[in-house]
Engineer: 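Just dropping this structure here.
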Amino acid sequence: MKAVLLCGLAVALATSAVEARPAARQHVPGTPHAVLAPLEEAATACFAETVMSNPKAMRLAREARWFEAAGVIGFLCRPEVQRMAVAHDQIYGRGTGERFFKGAYGRHLDKQLAARLQPLLETKSVASAEPPAEKAALTDVTETGSTSDEH
């Protein structure tokens with residue numbers, strides 16, 4: 001009887017030791033990893049594209065509220081996030097994928113969305129060789145001495 005209990009305890013301890021991997025071995029978002037890096041990139045690209053296509057998310061992005069902007073459209077990227085979390089679970093142990101997504105990846109996502117979308121949100125001055133429309137109409141009148149209605 002004691003042998004059965006000791007074997008059961010040994011199996012339970014071994015199983016929990018395998019699932020409780022040290023944090024130092026956890027994946028850091030944005031670093032090379034044969035399996036996780038492409039999945040992270042796909043999820044981040046999905047968030048960036050869908051933020052750009054949603055007016056409420058874009059408003060939040062303009063206010064530099066990146067994580068909230070991603071939250072508005074997050075359900076659209078659920079397949080990409082799910083693939084990333086499942087892969088993380090398979091590599092680092094059950095339950096680590098969700099913690100990774102809500103923790104390290106969430107902080108990484110903020111930075112990635114800012115880097116990808118901030119340049120698109122900034123207003124830029126564009127030089128033009130043509131005069132503004134109202135100035136062009138005024139120039140036509142003074143050069144010809146008449147308006148286009150009088151022709």
Side-chain angles (χ1 to χ4, degrees), residues 1-140:
M1 183 70 175
K2 284 185 179 182
V4 172
L5 288 174
L6 287 176
C7 285
L9 181 60
V11 168
L13 289 174
T15 304
S16 65
V18 168
E19 288 181 5
R21 305 236 167 108
R25 294 184 58 201
Q26 295 293 321
H27 176 65
V28 176
T31 60
H33 190 281
V35 175
L36 292 175
L39 296 172
E40 283 176 26
E41 177 58 31
T44 303
C46 178
F47 280 113
E49 290 170 17
T50 52
V51 164
M52 292 295 290
S53 66
N54 183 293
K56 183 177 180 184
M58 281 299 291
R59 184 176 44 78
L60 291 167
R62 282 188 183 89
E63 296 169 3
R65 296 164 56 188
W66 304 107
F67 196 73
E68 292 174 53
V72 169
I73 48 79
F75 64 94
L76 296 172
C77 297
R78 191 71 195 151
E80 289 83 356
V81 170
Q82 188 65 30
R83 281 191 289 275
M84 180 176 60
V86 166
H88 198 281
D89 282 352
Q90 290 172 345
I91 295 167
Y92 295 106
R94 188 169 32 122
T96 61
E98 186 175 343
R99 286 192 307 271
F100 172 73
F101 173 70
K102 291 180 178 177
Y105 179 76
R107 290 185 299 275
H108 174 73
L109 180 61
D110 257 6
K111 294 173 189 164
Q112 286 297 306
L113 288 178
R116 291 177 186 217
L117 301 179
Q118 190 63 47
L120 301 173
L121 298 174
E122 294 174 357
T123 55
K124 297 176 182 157
S125 299
V126 178
S128 175
E130 296 182 21
E134 59 275 353
K135 187 174 181 181
L138 183 61
T139 305
D140 289 344

Engineer: Got a sec, which residues hit salt bridge (charged side-chain N to carboxylate O under 4.0 Å, His left out) with K102, two or more places apart in sequence or on another chain?
Structural biologist: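 With sequence neighbours excluded, K102 shows a salt bridge (charged side-chain N to carboxylate O under 4.0 Å, His left out) to E98, given in chain and number order.
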Engineer: How close do V35 and P38 get, counting heavy atoms only, and between which atoms?
Structural biologist: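 That closest heavy-atom pairing would be O-CD, 3.4 Å.
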Engineer: For residues 32-64, which residue pairs pass the ring pair (Phe, Tyr, Trp, His ring centres under 6.0 Å) check, not counting sequence neighbours?
Structural biologist: H27-H33
Engineer: Can you tell me how far apart CD1 (I91) and CZ (F100) are? Round to the nearest 0.5 Å.
Structural biologist: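 I91 atom CD1 to F100 atom CZ measures 9.5 Å (nearest 0.5 Å).
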Engineer: Would you give the length of the straight line joining atom OH of Y105 to atom CG of L39, rounded to the nearest 0.5 angstrom?
Structural biologist: 10.0 Å
Engineer: May I have the list of side-chain donor-acceptor pairs in residues 60-69 shorter than 3.5 Å, sequence neighbours left out?
Structural biologist:
from: E63; atom 1: OE1; to: R65; atom 2: NH1; distance (Å): 2.7
from: R65; atom 1: NE; to: E68; atom 2: OE1; distance (Å): 3.2
from: R65; atom 1: NE; to: E68; atom 2: OE2; distance (Å): 3.4
from: R65; atom 1: NH2; to: E68; atom 2: OE1; distance (Å): 2.6

Engineer: Sequence neighbours left out, what passes salt bridge (charged side-chain N to carboxylate O under 4.0 Å, His left out) with E49? Give chain and number order.
Structural biologist: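 Result, salt bridge (charged side-chain N to carboxylate O under 4.0 Å, His left out) vs E49: none returned.
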Engineer: Taking only residues at least two apart or on different chains, which pairs with a member in residues 106-116 satisfy side-chain hydrogen bond (donor to acceptor under 3.5 Å, both in side chains)?
Structural biologist: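 Applying side-chain hydrogen bond (donor to acceptor under 3.5 Å, both in side chains) to every pair that reaches into residues 106-116, excluding sequence neighbours, yields E41-R116.
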Engineer: Over all heavy atoms of both residues, which pair between F101 and M84 is shortest? Give the atoms and the distance, please.
Structural biologist: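 Looks like CD1-CE, 3.9 Å.
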Engineer: What are the two closest non-hydrogen atoms of D89 and G97, and how far apart are they?
Structural biologist: OD1-N, 2.6 Å
Engineer: Which pairs of donor and acceptor atoms, one on a side chain in residues 70-83, lie under 3.5 Å apart (sequence neighbours left out)?
Structural biologist:
from: R78; atom 1: NH2; to: Q82; atom 2: OE1; distance (Å): 3.3

